Engineer: 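Dropping the structure in here first, questions after.
Everything numeric here is computed off the predicted structure, so don't read it as measured data.
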Amino acid sequence: MNYDNNKPKIKRRVIFAFAIIVTAIIQNTGARVDGVFDVHAFLLLPLIVSISMFEREIVSSLLGALAGLLWDLSSGLDGYNMLVLMLICAVCSILINRVMRNNIVTAVVLGVTSIAVYIFLYIMIYIVLDGGGYPLSQVIRFYLPSFIFTSVLIPVYFFIVRTVFDSNRTIEEN
């Protein structure tokens, strides 16, 4: 078996893992570089959705789990981000590989849907069920602007990930 064909795949996946680590650091630092008027982008969500559109199910699930683990380490949640991000990556990858075409329109649809599902589940589990205050006020003041801010970044991440994928494509993937 010739493993020379796998070098572009390995290089691409290392780049994606490094991008996840750097994005997690930027997203989870106390300085909040991405914040505007106390609105924060969930930078890992559009990144992992874009990556999962170009990778197979297992690899994208593992990269989603890595992103979720890094997010959980900084947020103090007990595996919520790891589980949800892993499932989002698996579903997006399955949809792209079996049902949908891989283009900017599907990236926006999958990205916006993933962000909405992530925020909805978080609100239901950690705010409504936990009795954490006024959910409608938090949705209007923080989660809705964060949803919009994050959604705007989806095309940027999609084109960056597509460029990395195209430059590190194997013969079978052409």
Engineer: Starting from V49, can I reach I58 by hopping between I/L/V/M/F/W/Y residues whose side chains sit under 4.5 Å apart?
Structural biologist: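 No, I58 does not connect to V49 through the hydrophobic network.
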Engineer: Would a single hydrophobic cluster contain both I154 and L95, if residues Ile, Leu, Val, Met, Phe, Trp and Tyr are joined by side-chain heavy-atom contacts under 4.5 Å?
Structural biologist: yes
Engineer: For A67 versus L44, what's the shortest heavy-atom pair and its separation?
Structural biologist: O-CD1, 3.7 Å
Engineer: side-chain hydrogen bond (donor to acceptor under 3.5 Å, both in side chains): which pairs involve residues 156-166, sequence neighbours left out?
Structural biologist: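 Sorted result for residues 156-166: D166-R169.
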Engineer: Hydrophobic clusters here meaning ILVMFWY residues chained together by side-chain heavy-atom distances under 4.5 Å, can you tell me if L66 and I160 are in one?
Structural biologist: no
Engineer: What pairs of residues pass the salt bridge (charged side-chain N to carboxylate O under 4.0 Å, His left out) test when at least one of them lies in residues 104-123, not counting sequence neighbours?
Structural biologist: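 Sorted result for residues 104-123: empty, none.
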Engineer: What residue pairs, at least two apart or across chains, pass salt bridge (charged side-chain N to carboxylate O under 4.0 Å, His left out) with a residue in residues 62-74?
Structural biologist: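 For residues 62-74, and leaving out neighbouring residues, there are no salt bridge (charged side-chain N to carboxylate O under 4.0 Å, His left out) pairs at all.
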Engineer: Is there a chain of hydrophobic side chains (I, L, V, M, F, W, Y, each step under 4.5 Å between heavy atoms) that links I21 to I51?
Structural biologist: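 Yes, because I21 and I51 connect within a single hydrophobic cluster, where side-chain heavy atoms sit under 4.5 Å apart.
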Engineer: Do you know which two heavy atoms are closest between S50 and P46, and how far apart they sit?
Structural biologist: OG-O, 2.9 Å
Engineer: Could you list the donor-acceptor pairs under 3.5 angstrom formed by side chains in residues 107-123, with sequence neighbours left out?
Structural biologist:
residue : atom : partner : partner atom : Å
T113    : OG1  : V109    : O            : 2.7
S114    : OG   : L110    : O            : 2.7
Y118    : OH   : N81     : OD1          : 2.5

Engineer: Quick one: closest heavy-atom pair of L47 and A19, and the distance?
Structural biologist: CD2-O, 3.7 Å
Engineer: How many angstroms lie between atom CG of L43 and atom OG1 of T150, to the nearest 0.5 angstrom?
Structural biologist: 7.0 Å
Engineer: Could you tell me which non-hydrogen atom of C89 sits nearest to which non-hydrogen atom of G64, and how far apart they are?
Structural biologist: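 In this case the closest contact between C89 and G64 is SG-CA, 3.5 Å.
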Engineer: Test: salt bridge (charged side-chain N to carboxylate O under 4.0 Å, His left out). Region: residues 77-99. Which pairs qualify, not counting sequence neighbours?
Structural biologist: E57-R98
Engineer: Go through the steps to decide whether W71 and F42 satisfy the test side-chain contact (heavy atoms from CB on, under 4.5 Å), and finish with yes or no.
Structural biologist: CA-CA 10 Å; W71 199 346; F42 304 122; 3.7 Å; yes
Engineer: Step by step, work out the side-chain contact (heavy atoms from CB on, under 4.5 Å) result for I140 and L144.
Structural biologist: CA-CA 6 Å; I140 292 171; L144 185 61; 5.6 Å; no
Engineer: Got a second to check how far I88's CD1 is from S52's OG, nearest 0.5 Å?
Structural biologist: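 Output value for this atom pair is 9.0 Å.
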Engineer: Show, in sequence, the C-alpha distance, side-chain angles and deciding distance for N102 and F158, and conclude whether the side-chain contact (heavy atoms from CB on, under 4.5 Å) test is met.
Structural biologist: CA-CA 10 Å; N102 193 347; F158 176 78; 3.4 Å; yes
Engineer: Apply ring-ring contact (aromatic ring centres under 6.0 Å, His included) to the pair F54 and F16, showing each step before the final yes or no.
Structural biologist: CA-CA 11 Å; F54 291 95; F16 288 156; 7.9 Å; no
Engineer: Could you check R13 against E55 for side-chain contact (heavy atoms from CB on, under 4.5 Å), going step by step and ending with a plain yes or no?
Structural biologist: CA-CA 9 Å; R13 291 171 181 166; E55 290 290 347; 3.0 Å; yes
Engineer: Atom NZ in K9, atom CZ in R56: separation rounded to 0.5 Å?
Structural biologist: 9.0 Å
Engineer: Starting at CG of L63, measure out to CD1 of I20 and round the result to the nearest 0.5 Å.
Structural biologist: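 Between atom CG of L63 and atom CD1 of I20 there are 4.5 Å.
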Engineer: Closest heavy-atom contact between L153 and A41?
Structural biologist: CD1-CB, 3.9 Å
Engineer: Measure the spacing between CE of M86 and CD1 of I48 and express it to the nearest 0.5 Å.
Structural biologist: 11.0 Å
Engineer: Is there side-chain contact between P155 and I104, with heavy atoms separated by less than 4.5 Å?
Structural biologist: yes
Engineer: What distance do M100 atom CE and T106 atom OG1 have between them, rounded to the nearest 0.5 Å?
Structural biologist: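 Spacing of CE (M100) from OG1 (T106) equals 6.0 Å.
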Engineer: What about F165 and I15, same hydrophobic cluster or not, with Ile/Leu/Val/Met/Phe/Trp/Tyr joined at side-chain heavy-atom distances under 4.5 Å?
Structural biologist: yes
Engineer: Nearest heavy-atom pair of R12 and N168: which atoms, and what distance?
Structural biologist: NH1-O, 3.0 Å
Engineer: Salt bridge (charged side-chain N to carboxylate O under 4.0 Å, His left out) with R101: which residues, sequence neighbours excluded?
Structural biologist: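 R101 satisfies salt bridge (charged side-chain N to carboxylate O under 4.0 Å, His left out) with no residue once adjacent residues are dropped.
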